[in-house]
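Structure first, then comments.
A quick note: this is a predicted structure, and the numbers were derived from the prediction, not measured.
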Amino acid sequence: MTQMTARRLSLSPLLSRMRDRSSGLAAGLLGGALAAGLGLGSFAVLVMVLWISSPYPDSGPDGALHVAAALWLLAHGAELVRVDTLSGIPAPVGVTPLLLLALPVWLVRRAARDAVDTGDGDDEATAPMSARTAWAGVVLGYLAVGAGAACYAATGGALRPSWAWTVVCVPTVAVLAAGAGVWSAHGRPREPVDNALLVLPRGARRFLLGADGRERLGVAGRAAGAGAAVLFGGGAALVAVSSVWHLGAAREGFLQLTEGWSGRFAVLLLCVALVPNAAVWGAAYALGPGYALGAGHVVAPLSSDPAPLLPPFPLLAAVPEPGGGTAWNWAVGVVPLLAAATLGVFVARGASEAGDGGAWSRGRTVGGVVLAGVLCGVLMGVLAGWAGGPLGVSALARFGPVWWQVGGAVTVWAVGVGAPVALVVRAWRCRGSRGGWRVPAGGSAGGTAGGSVEGFGHGTFAGLSDSGDFHGSGDFRESGDSGRFGAFEGSDLYDFSPADHVGFVPPAGTAAPVLPAPPVLPAPPGPLAPPGSGPFGVPPVPATAPEPVEPVGPVGAPGHRDPLSPPDALDPVGPPSPMDPAGHGEPVWHGDVAREARWAALREAGEEGGTEGPEGPRGSGAGGAGR
């Protein structure tokens, strides 16, 4: 009975966990399907508005919906095939508008984050399982709707999806975006990142996951992001300047494409969606490799050779004229120069603002620049691969930059320019190693320290050289080759040294020479001190002068034996004490009051013993004689 009861109780948490997991999976499926439906609905509404406003529609509503589904797949990076060409040969369309890609990524990420937030993840033990369940539910729900949309787009219409690209691109976007949403919902932990880095070779794992690998990876990631942002912004600025320079050609191309306002609105929307692509193309042009405008036609700063028969598209009007490069074309090198300098500055800032280990060394700083350059190159290479693609066959088979050329150029610029900039900025920020502000990593204990010393009330730190001279307060300054020391001064600090002397603090490891102690001299006999000449200027009490006391010789002198004198009876004469309020300057032991108290104590001890011999009266008499 007890076993059955225990078994029944053990099944209860399992059933509740399965129920929670199934509810989390259902919520994830619903969120993923809703995200895909919202994306498809947005494209469908846009295409239907353009179809309704067109004066000469080519097909009915069914054709417009097929175009909407195809554009939704194109936004994920899937390549489309245009079947209604004049030659009858299907033409691929592989240039993905990067602005359209932002919509599905944002929807999937939001769905995954909401699924985790609404899931039953209060228990710490079930939180990771809830995250995986929510992620799987969102991905499966999104892919279910995406599969239906791909099948619908492939059944008819002028644009049909390429199954090879669709099977790869749509799941990749869903998996990465959902993973980002779940990761952000859990506070961006480091464990998933470390697990993802385990696929790297052993040397790379040791470099990125070592004792200081996480700090290095964080600094390099921020620097790579900053460099990529400068490249992207610089490319967009180049496109804008070139478009204004060729404004007449761009306007003519815009008017030639269509005549109706609905068609011109559609062309304008397409140009806006391709602005991020144009920015990446401009960055590739500034980096040096340039971009391709047709098979065998490359546009670069050194030479420009676009295809002779390009469609009259407004963005293509910004392409430089054919021919060799001029000084204006070469001036675009300022963009990667600024990007590499920005990357180096970010690495130097992270190197100088390190944790407890201090500032990075030169070799470690250069390694951080190399890592940041590689990350920036990978990021820009991925963007270049997504921004380009084919727009047809033969001459239009290659459009846009080559991803590996862009990635390599970014790495070369970052290392070649970013490394010197990082070293210079690091040396400037860590100039305390010679002027007194910061301590580089690996510095010795006797090296320089940096900054003002705080946390001790209102006290400040004043630098001292080896000779004990002050050099100011608030920092260390150079004073020689043998090190620096300091002393605290402030209203809230205790000072245990004499007020009229600031002692010199010797360096660690040195000891002051031990001098022999001077001999203890006996108290010299002499007359009493005159009135008012005591240590505190207190005149003596008028009384009968005590009997003269024999001078006491030094300890160990021949013939010296005083069994009643304690060891401190031979100390030099000091300030007055309670036993000698008059301040006569004689040893306290030989005062009248002390002698009377001593003999009284001896007498009481004799009486308590109860023995009184023949020497008792003599002792008493001696005591009386002594008195």
Side-chain angles (χ1 to χ4, degrees), residues 98 220 222-247 250 275-293 298-306 315-349 365-366 368-370 372-384 387-388 400-426 428:
L98 295 181
R222 290 188 292 270
V230 173
L231 282 175
F232 189 84
L238 292 180
V239 173
V241 171
S242 183
S243 298
V244 172
W245 187 266
H246 302 88
L247 186 59
V275 165
N277 300 61
V280 176
W281 288 26
Y285 179 83
L287 287 168
Y291 50 87
L293 283 180
V298 179
V299 178
L302 298 179
S303 63
S304 178
D305 183 23
L315 290 179
L316 293 180
V319 176
E321 292 81 3
T326 62
W328 290 104
N329 301 108
W330 301 338
V332 299
V334 176
V335 173
L337 189 66
L338 291 177
T342 303
L343 185 145
V345 169
F346 269 74
V347 172
R349 187 175 68 177
T365 303
V366 174
V369 172
V370 173
V374 171
L375 294 178
C376 187
V378 170
L379 179 59
M380 292 302 299
V382 171
L383 290 177
V402 182
W403 67 270
W404 61 268
Q405 294 180 358
V406 173
V410 170
T411 304
V412 171
W413 275 97
V415 176
V417 178
V421 171
L423 291 177
V424 171
V425 175
R426 170 195 168 276
W428 181 76

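- Thr365 and Ala422 make their closest contact through CG2-CB, 4.0 Å (heavy atoms, listed as atom of the first residue, atom of the second, distance).
- Between Leu247 atom CG and Ser242 atom OG the span is 11.0 Å, to the nearest 0.5 Å.
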- Take Val298 and Tyr291, measure what side-chain contact (heavy atoms from CB on, under 4.5 Å) needs, and give me the verdict at the end. CA-CA 6 Å; Val298 179; Tyr291 50 87; over 6 Å; no
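- Summarising the geometry, atom CG belonging to Leu343 is positioned 13.5 Å from atom CH2 belonging to Trp413; distances are rounded to the nearest 0.5 Å.
- Note: Leu293 CG to Leu316 CG = 6.5 Å, rounded to the nearest 0.5 Å.
- Nearest heavy-atom pair, Pro289 versus Ala300, reported as atom, atom and distance to 0.1 Å: O-CB, 4.2 Å.
- Among all heavy-atom pairs drawn from Thr342 and Ala226, the shortest one is CG2-CB, 4.0 Å.
- Between Val299 and Pro320, the closest side-chain pair of non-hydrogen atoms falls below 4.5 Å.
- Annotation for Val421 and Val345: closest pair CG1-CG2, 4.0 Å, computed over non-hydrogen atoms.
- Atom CG of Leu98 and atom CZ of Phe232 lie 7.0 Å apart (nearest 0.5 Å).
- Atom OG1 of Thr326 sits about 11.0 Å away from atom CG of Leu302, to the nearest 0.5 Å.
- In this structure the side chain of Tyr285 reaches within 4.5 angstrom of the side chain of Val332, judged on heavy atoms.
- Between Ala284 and Pro401 the shortest heavy-atom distance is CB-CB, 3.7 Å.
- With a 4.5 Å cut-off on side-chain heavy atoms, Pro306 and Pro322 count as touching.
- In this structure, CG on Leu231 lies 5.5 Å from CG on Leu287, to the nearest 0.5 angstrom.
- Contact check for Leu383 versus Val406: no side-chain heavy atoms found under the 4.5 Å cut-off.
- Side-chain contact between Val239 and Trp281: absent, with no pair of heavy atoms (C-beta onward) separated by less than 4.5 Å.
- Considering all non-hydrogen atoms of both residues, Ala340 and Val417 come closest at CB-CB, 3.6 Å.
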- Can you list the steps and then say if Thr411 with Cys376 is a side-chain contact (heavy atoms from CB on, under 4.5 Å)? CA-CA 7 Å; Thr411 304; Cys376 187; over 6 Å; no
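- Glu321 has its side chain within reach of His246: a pair of non-hydrogen atoms, C-beta onward, lies under 4.5 Å apart.
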